[in-house]
Amino acid sequence: GHIEDGSLGVGRLHQIAAVFSTADDGSMALMGRYKAIRIRCINCTTVTSERLHFSRRHTGVNLKELVAAALGEMGLAIEVFGAQWREANERQIVDQIKGGKLTADEVFKRLIACGYINVPWVAPTDTLDLLMAAYNQEPGLTAAHVNMAVSRMAKDNVKRWRNPWVQDELENQAGDLLFQQVYELPPLTKKQAEIFAKAEAA
């Protein structure tokens, strides 16, 4: 299915795809989930809404039954993602205490410090640099721009990641940010601020 809202700007057309996975050795049940794929950049955001029964594991279900379940829920996945994406295009991430708007740099520092964005084997300061590089390709003021930066970082740095699952994990984190409606962030603690300050001073 496709999602498009002309008011959201150029390059915001998405496709919803069903993705299936299991362990090679049969130790894990078949699992299905949806991904929203932004066609312009082939960036993915995992649809993590609890409303989608299909996002849960199905023990003892064969692939044919799981595909049928996925197709049956496709309309709901489109509806749920579309609603979240529209809201993210209308909201900015603000300071949790003062309510003031935050710069992209400050948003990403706080997301990293709070654990919303965590790249395995990559230092927080390097993660910030990668996020800002991705963000600067499509800068903007909304939560959707934050989501686009995370998903772009995941895809654009595939060769940098230590294993192939890092991209999936980052797409999941992008989905969590979107579906948990992370629009307020606490200030950095003194210790958290020092991590980034040391890198800036170097």
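None of the values given here were measured: they were computed from a predicted structure.
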Discussion item. Quick check on side-chain contact (heavy atoms from CB on, under 4.5 Å): which of L177, V146, D176 does V182 satisfy it with?
Written reply: L177

Fill in: Any pair counted as salt bridge (Lys or Arg N to Asp or Glu O under 4.0 Å), so long as it reaches residues 109-124, sequence neighbours left out
D95-R110, D105-K109, E106-R110, K109-E200

Worksheet item: Side-chain contact, heavy-atom cut-off 4.5 Å: I97 with P187?
Response: yes

Discussion item. Rounded to the nearest 0.5 Å, what separates atom CD1 in I195 from atom CG in L128?
Written reply: 11.5 Å

Worksheet item: Under 3.5 Å, side chain of E87 to main-chain N/O of Q84, donor-acceptor pair present?
Response: no

Worksheet item: Atom CD1 in I93, atom CG in L111: separation rounded to 0.5 Å?
Response: 5.5 Å

Worksheet item: Is D168 reaching over with its side chain to a backbone N or O of P164, donor-acceptor style, under 3.5 angstrom?
Response: no

Fill in: Interatomic distance, F81 atom CZ to L76 atom CG [nearest 0.5 angstrom]
13.5 Å

Worksheet, complete the sentence: To the nearest 0.5 Å, atom CE of M148 lies from atom CD of Q137 at 11.5 Å

Worksheet item: Is the backbone of A174 close enough, under 3.5 Å, to the side chain of N147 for a donor and an acceptor to pair up by distance?
Response: yes

Practice prompt. Assign the ring pair F108 / Y135 to parallel, tilted or perpendicular, where the plane angle (0 to 90°) is split at 30° and 60°.
Written response: perpendicular

Discussion item. Between W85 and L178 (side chain of the first, backbone of the second, donor and acceptor by atom type, cut-off under 3.5 Å), is there such a pair?
Written reply: no

Discussion item. Determine whether L130 and R160 satisfy the following criterion, side chain to side chain contact (heavy atoms under 4.5 Å, CB included), listing intermediate values before the conclusion.
Written reply: CA-CA 11 Å; L130 293 173; R160 179 189 181 105; 3.7 Å; yes

Worksheet entry | Over all atoms of both residues, closest heavy-atom pair of A154 and L170 | CB-CB, 3.6 Å

Worksheet item: If you measure from CD on Q167 to CE on M153, what distance do you get to the nearest 0.5 Å?
Response: 10.5 Å

Worksheet item: So, the side chain of Q92 versus the backbone of K101: is there a donor-acceptor pair under 3.5 Å, distance only?
Response: no

Worksheet item: How long is the gap from CD on E194 to NZ on K191, to the nearest 0.5 Å?
Response: 9.0 Å

Distance-only check: which donor-acceptor pairs under 3.5 Å involve side-chain atoms of residues 113-127, not counting sequence neighbours?
from, atom 1, to, atom 2, distance (Å)
T127, OG1, A123, O, 3.1

